[in-house]
Amino acid sequence: MKRRILQGLAAATAGALLLGACSSGGGDAAAAAETLDPDAPVTLTVSVWNLEGTPEFRALFDAYEAAHPNVTIEPVDILADDYPTKLTAMMAGGDTTDVLTMKSVMDYSKFATAGQLADVTDVVEGVPDLAGLDAYDQDGAYYAVPYRQDFWVTFYNKGIFDAVGEEYPSSDLTWDEYVDLAETITEKAAAAGVTPAEGSTTYGTHTHTWRSVVDAIAAAQTGGDQLGSEGYGFLEPYYEHALQLQDAGATLDYSTASTQKISYRTMFTTGQAAMLPMGTWFISALLQAEAAGETDVEWGIAPMPQEKATDEAVTFGAPTAFAVNKNAENVAAARDFAAFAAGEEGARAVAAIGVVPALQSDAITEAYFALEGMPTDEVSQAAFQPGEIVLEMPVGPTTAQVEQILTEEHQNIMTGAVPLDEALATMAERVENEVG
Amino acid sequence: MATTTAARPAPAPRRPTYVNRRQVRRNTLLGWTFILPNFAGFALLTLVPVVATFGLAFTRWNAFGTPEFTGLTNLQRLVGDENFRVALGNTVYYTVGHVPLTMAASLGLALALNRKIRGLAFFRTAAFFPYITSIVAVAVVWNMLYNPTRGPINQLLTTIGISDPPGWTSDPTWAMPAVILTGVWKDMGYYMILFLAGLQTIPPELYEAAKTDGANAWQRFRNVTLPCLRPTTFFVLIMLTIGSFKVFDLIVVMTNGGPGRSTLVLSQLIYREGIVNGQFGYSSAVALALFVLVLVITLLQYARNQRLEK
């Protein structure tokens, strides 16, 4: 008797396992084209990364829910590092999450060309003055609406500049001046005994380990093509500056920074670096850290250094956008959310926490600089309105492969393993031979 | 191992008399239901993907839509792909360094800890600890030890008079040795346990006889320990070789293939081409190559073992 029960149980378990495995395949939810009933309760799902550490999501969701009481937003939180791969797996499996946040333009291009995103051209056309829109143009159609536009500026620590008696960076700093300044500060700080809250050395600047720190700014300011159509000679002066800084000890060396996974945030907030070229997303992180009492660094921003002194600073950046899943359960609500996030109200919500919205208007810039803790000097304001923002990395079918090669050669250059001219030649050669 | 060599029950098993066919069928069914949960999991999560890999290797597929059959294009690309050549070279480099070193270290540890010494349990546990430590923690700590300027290893090397110590994980020449060293340190505890088990099966009489014949310690090791350990050694060799060829996590968290491509290995290339770049067809072709490589080497090792056993 007992055996029979066991036998039945085993068979049932096995059956359930098989059934469970089979049923997970059928996810072709036919998204019914619905009209938006303003009062019907809707649960809108939105894919996000690192919800806790990315306050803009919460700000946008709260603002949207306040404006639309019938809508409840359910974030689908994904580990930031795994975001692109996880999203690919979800899409390939026919997932029905309504709104998909496009973390990078590269991912956007992949999903748009694979036909996974709904056409939102009319939504985009309904919002004037969106920055970074060109990156989303797919033969005249748009499959995502940008709501945030980050670009690179130079952060600086006023306390260190004051301590060594140097003037704050001006709005027309050149690369040569920047390198000199970093070296001078390092020397003076060591001589004056300026010691940071953590670590032992106060560096003049911090060159972070990402290749964009050198490559993307070089491409933006020289017009060079990172996909390598004309070789990589345009990177040479920029790498020379980076290597010069490193050799002079004016920045933490690449080897240490990469093997120890040094965080640029720690370098700056603990006063180990007087300057830091970084994206504007760091502004909201700084404001947040200050509000939480984690740092008391007095900081300001200046435009990125340029080849020649100019008022129209050229920098690089990348937008972030919301897309509507082609298999979305709530298409109408998803489109409405994307329009809201990109529009005036969404822009105000993200600007209120120090995030740069894609929507550009004087009113929003004003509100942005009125934030508590924001530097209000002229140079900071000038840094916030660069002459031109070039897309960080051109998007094309070969982008991922080229990026890999450039990253590997960047490591070879910065660790000093391969001489610069040789590495640049290898870059061009490898892109020529391996990509296609 | 134990199950196959288990002693048979004294009376020869009775031949089943097919009196009660229902009984037989019931027993068969019962047997199947017991292995089904496990087998279903294995089939769905391992067997199907493995078989699918063989098929996908001859297609172009980006995870969306249906794979497009491309014949031998992927294999042709494989032959001309410099990344594949580099990764293959690095994988062989890792294996050639990792396998003998780990075997020597784990055998040495096992011999040292196969005697009655004070604190034996402590030392055995200590040697096994790296194996159960999280790989991420291992990588972070070893990267700190390897730090070219502030790390203890290079500080030690400088104090003993080496003026220009290697850059370890930040130097393309030294990154692979550094990773191998960490791999050996992490794996040796596990294989030490296997060797310890093997050592304990060696009958003490053999050592006594050898001693009586006047064999010294080295001769006893050479002519008693090593031959008696051969089944264990063979098992360890096979497991280590397979493990080394498919090394992935250690490399990813320690160097992520860098600097440059100096530590890029095959399994990482598979991950990169498939999961990151979305080229599942080509990625499967690389996986197929790795599979064939491991299969051939394992078969060679088996053949060699068979010859030695005769």
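Predicted, not measured: the structure shown is a model, and the values here were computed from it. In the text below, chain A, chain B and the rest are named by the order of the sequence lines, each starting its count at 1. Because only heavy atoms are used, hydrogens play no part in the values below, and waters and symmetry mates are left out as well, while side chains stay in.
Residues Arg430(A) and Arg261(B) have side chains in contact (heavy-atom distance under 4.5 Å, counting atoms from C-beta outward).
The two residues Gln260(A) and Asn143(B) have their closest heavy-atom pair at NE2-O, 3.0 Å. Scanning all heavy atoms of the two residues, the minimum distance from Lys110(A) to Val276(B) falls at NZ-O, 4.2 Å. Of all heavy-atom pairs spanning Ala114(A) and Phe64(B), the tightest one is CB-CD1, 3.4 Å.
Using a 4.5 Å cut-off between heavy atoms, Met106(A) does not touch chain B at all. Neither the backbone nor the side chain of Glu403(A) comes within contact range of chain B; no heavy atom of the residue lies under 4.5 Å from a heavy atom of that chain. Neither the backbone nor the side chain of Tyr254(A) comes within less than 4.5 Å of any heavy atom of chain B. Proximity to chain A is absent for every atom of Val48(B), based on heavy atoms less than 4.5 angstrom apart.
A salt bridge links Arg272(B) to Glu408(A): at least one charged side-chain nitrogen sits closer than 4.0 Å to a carboxylate oxygen.
Gln401(A) and Asn277(B) form no side-chain donor-acceptor contact under 3.5 Å, judged by distance and modelled atom types alone.
For the atom pair CD of Glu434(A) and CG of Asn83(B), the computed distance is 4.5 Å after rounding to the nearest 0.5 Å. Note that the CD atom of Gln411(A) and the CG atom of Asn256(B) stand 7.5 Å from one another [nearest 0.5 Å].
Residue-level contacts of residues 152-186 of chain B with chain A, in order of numbering, are Thr169(B), Ser170(B), Pro172(B); threshold 4.5 Å between heavy atoms.
Heavy atoms of other residues, nucleotides or ligands lying less than 6.0 angstrom from CZ of Phe291(B) number 12 at most. Other residues, nucleotides and ligands place more than 12 heavy atoms under 6.0 Å from the CZ atom of Phe248(B). The neighbour count for Trp32(B) CH2, taken as heavy atoms of other residues, nucleotides or ligands under 6.0 Å away, does not exceed 12.
Top candidate by heavy-atom pairs under 4.5 Å with chain B, chosen from Thr259(A), Asn412(A), Thr88(A), Thr256(A), is Thr259(A). Counting heavy-atom pairs closer than 4.5 Å to chain B, the top residue among Gln404(A), Met414(A), Glu409(A), Met91(A) is Gln404(A).
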